[in-house]
There are 2 protein chains.
Amino acid sequence: MKATMKDVAKLAGVGLGSVSRVINNVPVKESTAAKVKAAIKELNYEADIYARGLKTNKTYTVALILPTIWHPFFAEFAYYVETELEERNYKLLLCNSDGRPEKEYEYIQMVRQNKVDGIIGITYSDIDQYISSSLPFVSIDRYFTEDVIYVTTDNVEGGRLAARELFKRGAKHVAFVGGHQETPNETKNRRKCFQLEAERLGLECEVLDLLEPIEDLQSDIEKFLLEYPTIDGIFTITDLAALDAIHVINKLGKKVPEDIQVIGFDGLKMTKEAQYVVSTIAQPVEDMARTAVSLLLNVVEGKEAPSRTVLPAAFKEGATTKKLENREE
Amino acid sequence: MKATMKDVAKLAGVGLGSVSRVINNVPVKESTAAKVKAAIKELNYEADIYARGLKTNKTYTVALILPTIWHPFFAEFAYYVETELEERNYKLLLCNSDGRPEKEYEYIQMVRQNKVDGIIGITYSDIDQYISSSLPFVSIDRYFTEDVIYVTTDNVEGGRLAARELFKRGAKHVAFVGGHQETPNETKNRRKCFQLEAERLGLECEVLDLLEPIEDLQSDIEKFLLEYPTIDGIFTITDLAALDAIHVINKLGKKVPEDIQVIGFDGLKMTKEAQYVVSTIAQPVEDMARTAVSLLLNVVEGKEAPSRTVLPAAFKEGATTKKLENREE
DNA sequence: CTGTTAGCGCTTTCAA
DNA sequence: TTGAAAGCGCTAACAG
């Protein structure tokens with residue numbers, strides 16, 4: 001059967017305490033350390049996490065709650081969260097909430113059960129009531145209350161950026177296409193600030209902002225584009241919505257980016273090595289993930305952490321906007 | 001501080017055992033059950049997983065080892081694994097191995113540390129030596145030894161299917177495009193059986209099968225297509241490779257599917273709701289995930305499980321093959 | 001049916 | 001520097 005610390009102690013001819021010390025890097029006489037290490041190797045001993053946790057109340061595990069891992073944006077985020085946790089010797093417990101609050105709540109309970117030390121969550125449902133300030137929780141893209149820590153992309157600047165990039169590329173009549181939910185979240189600024197900036201730049205600006213869940217975005221876009229045939233630049237709330245828009249544009253016999261330029265939001269790539277799916281206002285996903293992990297582990301370790309972190313968005317050129325002559329960067 | 005079972009027992013005026021029984025659904029007198037439940041609610045009590053695990057040696061957690069979650073195929077697989085585990089009250093610990101054997105090994109150790117009950121792994125590195133038959137491990141797409149359980153898609157039939165679908169759509173000169181690794185794995189059958197079937201059908205068949213890692217697949221494909229200008233149907237080893245092929249084809253001024261039809265392998269969709277990225281031989285990802293979980297949990301629970309499970313592949317039409325008149329399905 | 005009790009494997013005083 | 005011993009919070013066997 002599995003070797004225990006007792007077995008190791010007996011084989012090494014030392015006390016239980018010494019074995020524990022060696023394992024936890026507490027200084028011991030070199031000769032005893034050697035004996036213990038030899039015994040550990042011989043018995044192929046591995047410490048039982050449960051017994052240890054019972055004493056230490058630490059799990060070195062963090063839960064990540066996402067709507068679904070089956071989405072390139074969340075997958076990228078999860079990738080970087082896991083990578084960063086790994087570097088700090090933590091493990092990642094993954095939860096696809098599918099938007100179900102019960103499931104999110106279940107994971108929140110786990111920190112009380114000592115199953116995880118804390119939670120990083122991208123959640124759009126109303127779990128405010130369960131998120132207390134005493135719970136080690138970092139929210140992404142969603143503001144709860146004063147004392148719940150969150151990190152987000154600069155959606156304000158992101159929206160403006162989209163308007164400016166379209167303007168620089170000669171668009172005259174732009175549009176925002178997207179959806180929104182009842183719950184307040186940061187993404188609403190994408191529309192608002194795009195619109196403001198477009199108007200400031202003297203562009204005509206239309207808005208198609210549906211309430212989610214959206215039945216059939218493509219046909220809504222089709223009607224919209226038919227209604228405003230002079231639109232030559234579109235900013236969509238996400239890259240996936242941009243794909244829908246492009247599909248409709250092609251169906252209507254127009255070309256991207258020649259007739260209509262499209263800029264999405266998120267910075268989607270199917271894999272690390274791939275190209276951007278569309279021209280996009282990219283979220284600094286890696287930075288967001290690292291920041292979220294840092295903040296969370298600070299809280300877990302009892303340190304202070306700022307409650308609001310806003311990270312910059314950046315335009316990334318894909319194949320859905322025209323090339324600029326005087327390339328900057 | 002956190003309430004313990006003792007606190008609950010005291011408050012309810014019963015013994016420790018009764019509390020434990022209530023929690024574990026062992027029949028007790030209704031009146032005691034009520035008292036206990038009331039106390040639990042009042043104290044907001046949650047059982048400590050660690051203390052319980054120390055006794056039971058169960059974690060109800062399974063590790064999933066993938067090359068990277070940031071890839072639509074692995075993300076989809078992970079999605080279904082988590083969903084199935086959730087239904088069985090298990091949790092998922094996620095590991096991006098990035099192909100590093102040390103990291104894979106670390107997770108294998110966790111089984112011995114009681115951190116996880118078992119492992120589902122998609123791994124292409126040489127960790128055979130650590131995978132013993134006593135380790136609850138289910139391998140995907142990769143054969144280790146006789147007694148390591150694995151589940152895979154029917155790559156043999158998949159390859160044939162691709163040849164047949166191209167043939168049905170009028171292709172005369174087909175090609176396989178892909179890469180392979182030193183380690184033996186099931187995917188090699190995709191090329192082999194495609195080639196055999198194409199020849200059987202009387203199609204001319206070229207092969208571009210590079211050794212991974214591949215520096216620049218697109219330029220290799222470009223050379224290849226320039227060398228064989230009459231190719232009118234391509235089967236790629238993955239959907240992602242198909243995307244590369246399409247890119248090259250367009251660059252060469254030809255059209256997909258009019259001039260060259262392309263069929264990939266995997267059945268990639270960016271999200272659950274999205275369209276197939278290309279016409280494809282789809283792996284039954286959901287079925288694979290459910291099967292893998294079933295097999296693993298059987299082993300974890302000490303039951304027997306078949307060591308080889310092969311699941312059927314199926315052709316899924318995307319936009320990169322011609323529509324057939326007499327649609328079957 | 002229920003209270004008491006003996007550990008599970010480890011960490012951490014406390015003496016020595 | 002170290003061994004012995006006392007729990008951590010829970011489950012399960014046992015006696016009532």
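Convention: sequence-line order gives letters A, B, ...; per-chain numbering from 1.
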Once you apply a heavy-atom cut-off of 4.0 Å, does B:L16 come out as touching a base, just sugar-phosphate, or nothing? base

Run the side chain to side chain donor-acceptor pair (under 3.5 Å) test on A:R88 and A:S294 for me, step by step, so that the C-alpha distance in whole Å, both residues' side-chain angles and the decisive distance to 0.1 Å come before the verdict. CA-CA 10 Å; A:R88 296 165 174 251; A:S294 272; 2.9 Å; yes

Would you mind classifying the nucleic acid contact of B:A9 as base, sugar-phosphate or nothing, using non-hydrogen atoms under 4.0 angstrom? nothing

Any B:S18 side-chain N or O less than 4.0 Å from OP1/OP2 of C:dG3: yes

What is the distance, to the nearest angstrom, from the CG atom on A:L54 to the P atom on C:dG9? 12 Å

Measuring to OP1 and OP2 of D:dT11, would you say a side-chain N or O of A:Y50 lies under 4.0 angstrom away? no

Distance test, side-chain N/O of B:S20 to OP1/OP2 of D:dT11, below 4.0 Å: yes

May I ask you to check if B:K91 and A:Y107 form a cation-pi contact, with NZ or CZ under 6.0 angstrom from the six-membered ring centre and within 45° of the axis? yes

Assuming nearest nucleotide by heavy-atom distance, tell me which of B:E46 and A:V14 is located more 5' along DNA chain D. A:V14

Regarding B:V19, tell me which of base, sugar-phosphate or nothing describes its non-hydrogen contacts under 4.0 Å with the strands shown. nothing

Between the side chains of A:S18 and A:K35, is a donor N or O closer than 3.5 angstrom to an acceptor N or O? no

Quick one: do the B:K58 and B:Y90 side chains pair a donor with an acceptor below 3.5 Å? yes

Base, sugar-phosphate, or nothing for B:N57, non-hydrogen atoms under 4.0 angstrom? nothing

Is the phosphate of C:dT2, meaning OP1 or OP2, less than 4.0 Å from a side-chain N or O of B:T32? yes

